Student: 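The structure is given below, and queries will be raised subsequently.
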Amino acid sequence: MGRIPHFSDTIFPASSMPSFTLVANLGLVLFLFLVGLEVDLRHLVSNWRIAASVGFAGMALPFGLGCAISYGLYHSFREDANIKPISFGTYMLFIAIAMAITAFPVLCRILTELKLLGTPVGIIVLSAGVGNDVVGWVLLALCVALVNASSGVTAVWILLTGLGYTLFLIFAVKPAFMYVLKRTRSLEEGPSQGIIALTLMIALTSSFFTGIIGIHPIFGAFLAGLICPHEGGFAIKVTEKIEDLVSTTFLPLYFALSGLSTNLGLLDSGLTWAYVIGVTCVAFFGKVIGATGAARANGLVWRESFTIGALMSCKGLVELIVLNIGLSANILSQRTFTIFVVMALVTTFVTTPLTAALYPPWYQKKLEAWKRGEIDWDTGKPSGGVEHDSAHDIIAVEKAEAHQFSKLLVYLRLDSMPGLLSLAALLGGANERASDDQAHSSTTSATPSSSRAASFSHPRHIKSTRLMSLHAVRLMPLTDRESSVMSVTDVSSLSILDPVVNTFRAFGRLHSVLVSGEVAIVPETYYADTLISRASDTNSSLILLPWSETGSMSEHQTLSTDGSRGGKLTPAAMAGQYADFVQQVLSSSREKHVALFVNNGFGGDTTATYRPRLLSRTITGISVVDDQEPHGYDNTSGVALTRQHKHRIFVPYFGSHDDRVAVRFVLQLARDPRVTVVLVHYKLPSQTEDNDMDLSLSPAATPASTHNNGSSNSTNKANTTVTESIPLHERHVAFVQAMRSSLPTDIAGRVTLETTLCDESFNFEREIVERARAEIGRRTQDAGAGDLVVLGRNESSLHIHGGGDTCLGKIGTALLRANVEASLLVVQAATAGRGR
């Protein structure tokens, strides 16, 4: 637009340029302060060997090539206007620095968006980028000092003064600043307005001093950011306070100033375009070859090494800052400045697609499996010659269905904490029972079983005494803010300090549940992939997803217009953004079971209404006990107080894979003495078997073998599998009978098993809703902790439900829309090998 006649003179008149430049430079100072805050030297210290080699090689080669090409640039364009007569050595140093520097802020953002921060590539690039950034700014300060110095003695004085000031900041200002932060508890509670004002005063004063001594104001701001502590997330919290002002107001002005200094019309000759191509190739290939060679020398595979080289070639905004410093110091002419701007744009734009092509997710998974020795690299098959075909997938899923759940992955949301904690308490009761079983078994002698059937029709594995453990993952959105990117680099500390995760850990310890937790900061579009990936990494067999009350991904709770906290799901909430996320998890989770938990008063009534306190007579301390509301009602919060925690669980069972997994989970919950279970087997008419129901079973899975005490299996070899087809209804009956006979004595008294015959005209939605209301309605006076309906999603059982049109399945949706006074748990079994 600058080439439009009179555009620049009208929009940016000459009289406004001094003020415009001042504000833009102020924004530059604050931005370099944010860059200093973002640089965490702990990454460099923890990986100093490979970081030093990659960083050094990634700077040395482009630095040397930059020195070579600077000879031609110096002699070809030294006659351009507005160039200070400087020596070739100073000019060569500046060009070499411009070639060797890496844009650390942009690099962090690329690593975060591509989910590479936790990979070996991300760790190495992040550590090398920190060192590259610090060394680059030091060399640039040296170059500016040489340009501003009138003699060699002046240059030495500037450098010594800058070194002395740096030591003063580290050994005098930083300890005093840390003392103030500790006294004001800013590290624990976050910076107050006074601390923010003090921090900005240090940054601006530091930039003023480095400008006075003859270096540049941005170096002082960068040093001020470096001395700010990262303990307790202080640097992140300071960034959150000022980043919006810098990124939305000051930086755009600086970009506009850089655009006014760029004139593409000066690229008007073949020689100039030859230097554009030459400078771009030197900057890109010098970085790629140097960093790739160093990474390969440290034992990384070639593709990893090339990925590191491509990432280290990123220039970004930091390169523009370096070029503007050279332009303002009259080191570069406007023509040379434009050449390097084109180079910076090209190398920045090519980084992300090149990295994504070199290091895609499928390659990362293959490389990790190969490094663990799980697969052969050339064939991609598992080590040891074992192939995973669809039959093996079916067997693996059948084994998962036959065993109790030993590890669950929980998506931890702040708005769903009450229900999740109550559910975790029930699992703790199951663990207490398992611990008692282990203690009992250690004092009694028992003969080990001669056969261990892995089929779904033998739920005797429920008797296993393995303790259940929960791994909680709290997902936080990755935004376009710098503070969000900084949080990703410090996510390990955030996982330790996060109050929601710590609350879950403390609750688990109090209720005998083995718990662990972490925080993951990823874009919302990657939430589903992150949960599935973490479930695989932690070897969790089931993913527990709480439902969002509002239908959005936000965890903030809302109050309705009458002041009450919402507890009912609206149609909009069932088809909103969160429903899309849940659907993505359901469709992508092939090897893991998924359970959707819709909380409706589970663990007690969570609907609260704000009722302002009215003026009343003063109550004395003697009569305060007599003034309590009847029936356990809290007058201040409007919440019914739960006296005892008893839960009634209703389970409709049809025999699908989803139903069997749901029953396994319920029987595990039933180990808690507070749980009463009503399981109704809806016996369907005989139909043609489909892929979801027709499976090949071992002899141990047949109804006959369940009654012959294993006599028919005694002649078979242990590794021999005989398959046969069993009618669908007989298999369902066998499962229910085996489950009934396998229940422990104390659990059998709290589990009611019923059978309902169904014909072709049976309306499943209406009948199950009515039965659920009848079962949930059997509340005793001391109940009130919340009841639960557990059922399979059964999305593929078309002859049962007519298809699942929502994430909850057709019957789950019907229960929800009927306002049944109970929470809902909808289970989908792993789909590997099911043909779904």
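Because the structure is predicted, anything quoted here is derived from the model rather than measured.
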Student: Please lay out, stage by stage, how Phe597 and Leu544 fare under the test side chain to side chain contact (heavy atoms under 4.5 Å, CB included).
Tutor: CA-CA 7 Å; Phe597 177 62; Leu544 180 59; 4.1 Å; yes
Student: Does Leu586 offer a backbone N or O that forms a donor-acceptor pair with the side chain of Ser589 under 3.5 Å?
Tutor: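 Checking the backbone N and O of Leu586 against the side chain of Ser589, no donor-acceptor pair under 3.5 Å is found.
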Student: Please report the interatomic distance CD(Gln668) to CD1(Ile747), rounded to the nearest 0.5 Å.
Tutor: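 One finds 9.5 Å between CD of Gln668 and CD1 of Ile747.
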Student: Could you work out, with ring-ring contact (aromatic ring centres under 6.0 Å, His included) as the rule, every residue matching Phe504, not counting sequence neighbours?
Tutor: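 By the ring-ring contact (aromatic ring centres under 6.0 Å, His included) rule, Phe504 matches no residue at all.
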Student: Identify the heavy atoms of Ala818 and Val769 that sit nearest to each other, and give their distance.
Tutor: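 Closest pair (atom of Ala818, atom of Val769, distance): CB-CG1, 3.6 Å.
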Student: Parallel, tilted or perpendicular, judged at 30° and 60°: which one describes the rings of Phe764 and Phe654?
Tutor: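 Phe764 and Phe654: perpendicular rings.
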Student: Which pair of non-hydrogen atoms, one from Tyr653 and one from Asp659, has the smallest distance, and what is that distance?
Tutor: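 Scanning both residues completely, I find the closest heavy atoms to be CD1-CB, 3.6 Å.
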Student: Could you check whether any side-chain heavy atom of Val501 comes within less than 4.5 Å of a side-chain heavy atom of Val519, counting everything from C-beta outward?
Tutor: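 The answer is yes, as the side chains (C-beta and beyond) meet within the 4.5 Å cut-off.
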Student: So which atom in Leu420 and which in Pro546 form the shortest heavy-atom distance, rounded to 0.1 Å?
Tutor: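 Reported closest heavy-atom pair: CD1-CG, 3.9 Å.
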Student: Check for a donor-acceptor pair, side chain of Ser484 on one end and backbone N or O of Thr479 on the other, with a separation under 3.5 Å.
Tutor: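 Judged by distance alone, yes, a pair lies under 3.5 Å.
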Student: Would you give the length of the straight line joining atom OH of Tyr527 to atom CG of Leu478, rounded to the nearest 0.5 angstrom?
Tutor: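 Reported value, rounded in 0.5 Å steps: 9.0 Å.
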Student: Heavy atoms only: give me the nearest Leu815-Ile768 pair and the separation to one decimal.
Tutor: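 That would be CD2-O, 4.3 Å.
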Student: Does a side-chain heavy-atom distance below 4.5 Å link Phe650 with Val680?
Tutor: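 Yes; the side chains approach each other to less than 4.5 Å.
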Student: In Å and rounded to the nearest 0.5 Å, what is the CG to CG distance from Leu679 to Leu667?
Tutor: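 Taking CG in Leu679 and CG in Leu667, the distance rounds to 7.5 Å.
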Student: Please evaluate residues Leu596 and Leu808 with respect to the criterion side chain to side chain contact (heavy atoms under 4.5 Å, CB included), reporting the C-alpha separation (whole Å), side-chain torsions for both, the decisive distance (0.1 Å), and the verdict.
Tutor: CA-CA 7 Å; Leu596 307 179; Leu808 302 177; 3.8 Å; yes
Student: When rounded to the nearest 0.5 angstrom, what is the spacing between NZ in Lys592 and OG in Ser536?
Tutor: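 Going from the NZ atom of Lys592 to the OG atom of Ser536 covers 5.0 Å.
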Student: Under a 4.0 Å N-O cut-off, is there an ion pair linking Arg771 with Glu767?
Tutor: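 Result for this pair is no, no salt bridge flagged.
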Student: Is there side-chain contact between Pro477 and Met553, with heavy atoms separated by less than 4.5 Å?
Tutor: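 Result no, sub-4.5 Å side-chain heavy-atom pair not found.
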Student: The test is side chain to side chain contact (heavy atoms under 4.5 Å, CB included); show your working for Val675 and Val666 and say whether it passes.
Tutor: CA-CA 9 Å; Val675 173; Val666 169; 6.0 Å; no
Student: Does Asp658 reach the main-chain N or O of Ala829 with its side chain, forming a donor-acceptor pair under 3.5 Å?
Tutor: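 Answer holds: yes.
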Student: Can you name the salt bridge (charged side-chain N to carboxylate O under 4.0 Å, His left out) partners of Asp529, sequence neighbours left out?
Tutor: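 Asp529 satisfies salt bridge (charged side-chain N to carboxylate O under 4.0 Å, His left out) with no other residue.
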Student: Tell me if the aromatic rings of Tyr411 and Phe581 count as close, with their centers under 6.0 Å from one another.
Tutor: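 Centroid distance Tyr411-Phe581: below 6.0 Å, so yes.
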Student: Between atom NZ of Lys407 and atom OG1 of Thr538, what is the distance when rounded to the nearest 0.5 Å?
Tutor: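 If we round to the nearest 0.5 Å, Lys407:NZ and Thr538:OG1 are 5.0 Å apart.
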Student: Are the side chains of Asn599 and Ser823 in touch, meaning some heavy atoms are under 4.5 Å apart?
Tutor: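 In contact.
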Student: As an exercise, state the distance from OG of Ser540 to CG of Leu470, rounded to the nearest 0.5 Å.
Tutor: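 The distance works out to 9.0 Å.
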Student: Show the nearest heavy-atom pair for residues Ala424 and Phe507, with the distance to one decimal.
Tutor: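 Smallest interatomic distance, heavy atoms only, reads CB-CE2, 4.2 Å.
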Student: Evaluate the side chain to side chain contact (heavy atoms under 4.5 Å, CB included) criterion for residues Leu531 and Val473: first the C-alpha distance (whole Å), next the side-chain angles of each, then the deciding distance (0.1 Å), finally the verdict.
Tutor: CA-CA 8 Å; Leu531 288 178; Val473 178; 4.2 Å; yes
Student: Verify whether one side chain among His471 and Glu518 offers a donor that lies under 3.5 Å from an acceptor in the other.
Tutor: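 Per modelled atom types, His471 and Glu518 side chains form a pair under 3.5 Å.
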Student: Got a donor-acceptor contact below 3.5 angstrom from the Arg505 side chain to the Ser516 backbone?
Tutor: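 Judged by distance alone, no pair lies under 3.5 Å.
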Student: So does Asp498 get a backbone contact from the side chain of Asn502, meaning a donor-acceptor N/O pair under 3.5 Å?
Tutor: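 A pair under 3.5 Å: yes.
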Student: If we ignore hydrogens and angles and just use 3.5 Å, is the side chain of Arg413 paired with the main-chain N or O of Ser548 as donor and acceptor?
Tutor: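 Checked: no pair found.
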Student: Where do Ile532 and Val585 come nearest, in terms of heavy atoms and distance?
Tutor: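 Smallest heavy-atom distance, with atoms named: CD1-O, 4.1 Å.
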Student: Measuring only between side-chain heavy atoms, which start at C-beta, is Asn600 closer than 4.5 Å to Asn819?
Tutor: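 Not in contact.
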Student: So, Asp787 side chain and Arg648 main chain: donor-acceptor pair closer than 3.5 Å or not?
Tutor: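 Yes.
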Student: Is the shortest heavy-atom distance from the side chain of Glu765 to the side chain of Lys810 under 4.5 Å?
Tutor: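 Yes; the side chains approach each other to less than 4.5 Å.
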Student: Out of Val790, Val789, Leu788, Leu753, which one pairs with Val651 under the side-chain contact (heavy atoms from CB on, under 4.5 Å) rule?
Tutor: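 Result for side-chain contact (heavy atoms from CB on, under 4.5 Å) with Val651: Val790.
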Student: Do the ring planes of Tyr578 and Trp547 sit parallel (below 30°), tilted (30 to 60°) or perpendicular (above 60°)?
Tutor: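 Geometry flag for Trp547 against Tyr578: perpendicular rings.
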Student: Indicate yes or no: at least one non-hydrogen side-chain atom of Met417 is less than 4.5 angstrom from one of Val500.
Tutor: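 Yes; the side chains approach each other to less than 4.5 Å.
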Student: Would you call Phe665 and Leu408 a side-chain contact if the rule is heavy atoms closer than 4.5 Å?
Tutor: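 Of all side-chain heavy-atom pairs linking Leu408 with Phe665, at least one is under 4.5 Å.
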